[in-house]
Amino acid sequence: MSFESFEFDARITAGIAAARYVDPTPIQRDAIPEVLKGRDVLGLAQTGTGKTAAFVLPMLQRLLAGPRGVVRGLIVAPTRELAEQIHGEISTLGRKTGLRSATVYGGVGKNPQVRALRGRAEIIVACPGRLLDHVREGDADLSKVEVLVLDEADHMFDMGFLPDVRRIVQAVPKRSQRLLFSATMPNEIRHLADAVLNDPFTIEIARSRPAATVAHSMVPTSNDRKTDLLRKLLDEVGAGSTLVFTRTKHRAKRLAQQLNRDGFDVAALQGNMSQNARQRALDDFRRGKVQILVATDIAARGIDVSKVSHVMNYDIPDTSDAYTHRLGRTGRAERTGDAFTLLTREDGKQLRQIEQALGEKVERRMVDGFGGEEVPENLASGRVGGAAGRPGGGGRGGNRGGGGSG
Ligand code: AMP
């Protein structure tokens, strides 16, 4: 199946060519015809499936005809990073449509946002809190919204945004088309979907499982050897972009400093940093200026870096959903990626939850001399691989302290 079967306007086909998309992904194949028909959609899909273009493309098509200078498309997203990423995708795919998109989120000036809301943009990509401020202050007229998208609804719930989201939904017309995307479906999201969507077409794409293109494994070790093991893995995987996850902001900051001292090209991405510093870290990582980004789950949510080759869980995530989300950063649409989780004897509970949710054991990879032998048998068992990493991967050592992979 190709994009041609959707019979998009030539201005949108030009955007698809600019993005270099050749064939639609499964969620695009299923969602686009329904959205074009005007139907509400409930999409159960994680980042990396192409879900953004699945709603952006038909939304652009629907908004091509009709008035300009009023807000007609509204996308609500949990984080600024995700909002920027969606805005970027609209800019690429919609470059020939003349439709304008703008972002609205906290931590930056309100005036450009007010101008966008008052006629400079037809599509607004917003985080809930700031958008609601504008609504309360009378700066956002959402009464002309034709298409409303709630993206990563489960994260909005995690972050406590659901009451704000419900207020925003109240401010858009009842007859508007609504699309809701979520990687998981806890009860709260089920209730939200029931309240917001009208007879939705439901699409479920590989729920709560890492993409098939990610090879992932657990590497047993002990707490005091984690950093040394991480250094060894970073050396072994070679050049490429690696995302390292830690449990807390403080650990992200400290680990990044440690790796920096060791000569790795590394930046931290965590919530204590200013918006500017976070954006800089992301941009540097995206451009290959830094090869390693050490991040917390919240800070890394929704970030779209298409070249991530490895994900390393320095700390095991708390839930299987977080595991899937972290792994979703690599092995994106048609790219392959590797993921490693450092596993200590304290991690049994999380490991069990992850393996239960995945419905299978995750491969164990033993690295000699890193304490894996001290991990209890039940954690250490699994299909035991050889040395960690993909041997012969060209060693990152050669790139230490240097420019980057470009
Ligand atoms: P998303 O799930 O929307 O975060 O998209 C994940 C990645 O897949 C992004 O880098 C997109 O640019 C890319 N992508 C989306 N649709 C396609 C497609 N049809 N073909 C190739 N890549 C795509």
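Position 1 is the first residue of the sequence, and the numbers go up from there. Since the model is a prediction, treat every value here as computed from it, not as a measurement. Counting convention: from 1, in listed order, for ligands and their atoms alike.
- Residues Phe245 and Tyr314 place their aromatic rings such that the two centres sit no closer than 6.0 Å.
- Counting the atoms of ligand 1 from 1 in the order shown, those under 4.0 Å from a heavy atom of Thr52 are 1 (P), 3 (O), 4 (O).
- Of all heavy-atom pairs spanning Thr103 and Gln113, the tightest one is O-CG, 3.9 Å.
- Looking at Gln28 against ligand 1, only its side chain comes within 4.0 Å, counting heavy atoms.
- Cation-pi check for Lys232 over Phe370 is not met; the charged atom does not lie both under 6.0 angstrom from the ring centroid and within 45 degrees of its normal.
- Ala54 meets the side chain to side chain contact (heavy atoms under 4.5 Å, CB included) test with Ile27, Gln28, Ala31; sequence neighbours excluded.
- Listed by chain and residue number, Asp40 satisfy the side chain to side chain contact (heavy atoms under 4.5 Å, CB included) test with Asn198 (two or more places apart in sequence, or in another chain).
- The shortest N/O to N/O separation between Thr49 and ligand 1 falls below 3.5 Å.
- The Asp23 neighbourhood of ligand 1 comprises atoms 18 (C), 19 (N), 20 (N), with distances under 4.0 Å to a heavy atom of that residue.
- Among Phe55, Tyr21, Phe181, the residue whose heavy atom lies closest to atom 11 (C) of ligand 1 is Tyr21.
- Of all atoms in ligand 1, listed by their number and element, those nearer than 4.0 Å to a heavy atom of Phe3 are 19 (N).
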